[in-house]
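Treat the numbers as computed from the prediction; the structure is a model and nothing was measured.
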Amino acid sequence: MNIFSATQIDKLGFALDVTSYKNKIIAENIANVDTPFYKAKKLDFNEVMKNAFDNGKKLPLYVTNPKHLMGKNDLISPASFVKYQNNMSVRNDGNDVNLEYEMSEMASNGILFNMLSQITGYEFTRLKSAIQGR
């Protein structure tokens, strides 16, 4: 039995990975705000977490190159849930990035990341206390 799988640490670690990946997607959208014909992307944190942990449903790991390592088979890749934002208005240059929307998404994603980091730290503190017998 893996001591880390007995706790919520593995799930919290995955959630931190998802928020980190979502931040990357948002940063790409912001970086391409002036790129003609760029289509904004999005990643729904709740959808990824639900598919990762509900009903034991597991999806294959997303790989883009046959030389990639397969990693842990029990987790999914957030990259497979990235979609285009189809509900944004498109400017004359074909770009549909809304800078205010992306900044608010980045702020809320940052708050979620900080909350998950604090909970993970608390779980490690509990684990340390259990090991030390306090």
**Cluster overlap Tyr38 with Val82, hydrophobic side-chain contacts below 4.5 Å** =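 Different hydrophobic clusters.
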
**Asked** If two hydrophobic side chains count as joined below 4.5 Å and joins carry through other members, does Met49 share a cluster with Ile26?
**Response**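 Per the 4.5 Å side-chain linkage, Met49 and Ile26 are not co-clustered.
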
**Prompt:** Under the side-chain contact (heavy atoms from CB on, under 4.5 Å) criterion, do Arg91 and Val33 qualify, and how do the steps go?
**Reply:** CA-CA 11 Å; Arg91 297 188 316 240; Val33 70; 4.2 Å; yes

Quick one: [atom1] on [X] to [atom2] on [Y], what's the gap to the nearest 0.5 Å?
X	Y	atom1	atom2	answer
Thr19	Asn114	OG1	CG	9.0 Å
Lys42	Glu47	NZ	CD	8.5 Å
Leu16	Leu112	CG	CG	8.5 Å
Thr120	Met115	OG1	CE	9.5 Å
Glu123	Leu116	CD	CG	11.5 Å
Leu99	Met106	CG	CE	10.0 Å

**Asked** Given the rule in the side-chain contact (heavy atoms from CB on, under 4.5 Å) test, do Ile9 and Phe124 qualify, once you have shown the distances and angles that lead to the verdict?
**Response** CA-CA 8 Å; Ile9 292 174; Phe124 275 111; 3.8 Å; yes

**Request:** Evaluate the criterion side-chain contact (heavy atoms from CB on, under 4.5 Å) for residue pair Phe113 and Asn23; output intermediate values, then yes/no.
**Result:** CA-CA 10 Å; Phe113 183 86; Asn23 209 51; over 6 Å; no

**Item:** Residue pairs passing the side-chain hydrogen bond (donor to acceptor under 3.5 Å, both in side chains) test where at least one lies in residues 94-105, sequence neighbours excluded
**Value:**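 Listed by first then second residue: Lys22-Glu105, Asn29-Glu102, Gln85-Glu102.
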
**Item:** Any Asn109 side-chain heavy atom under 4.5 Å of Phe45 side chain
**Value:**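 Contact flag for Asn109/Phe45 side chains = no.
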
**Item:** Residues that Tyr84 engages under side-chain contact (heavy atoms from CB on, under 4.5 Å), provided they are two or more places apart
**Value:**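 For Tyr84 the side-chain contact (heavy atoms from CB on, under 4.5 Å) partners, ignoring immediate neighbours, are Lys39, Lys41, Asn86.
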
**Asked** Looking at Pro78 and Val18, what are the two nearest heavy atoms and their distance?
**Response** CG-CG2, 4.0 Å

**Message:** Would Arg126 and Tyr122 count as a side-chain contact (heavy atoms from CB on, under 4.5 Å) here? Give the steps.
**Reply:** CA-CA 6 Å; Arg126 285 179 22 156; Tyr122 176 72; 3.3 Å; yes

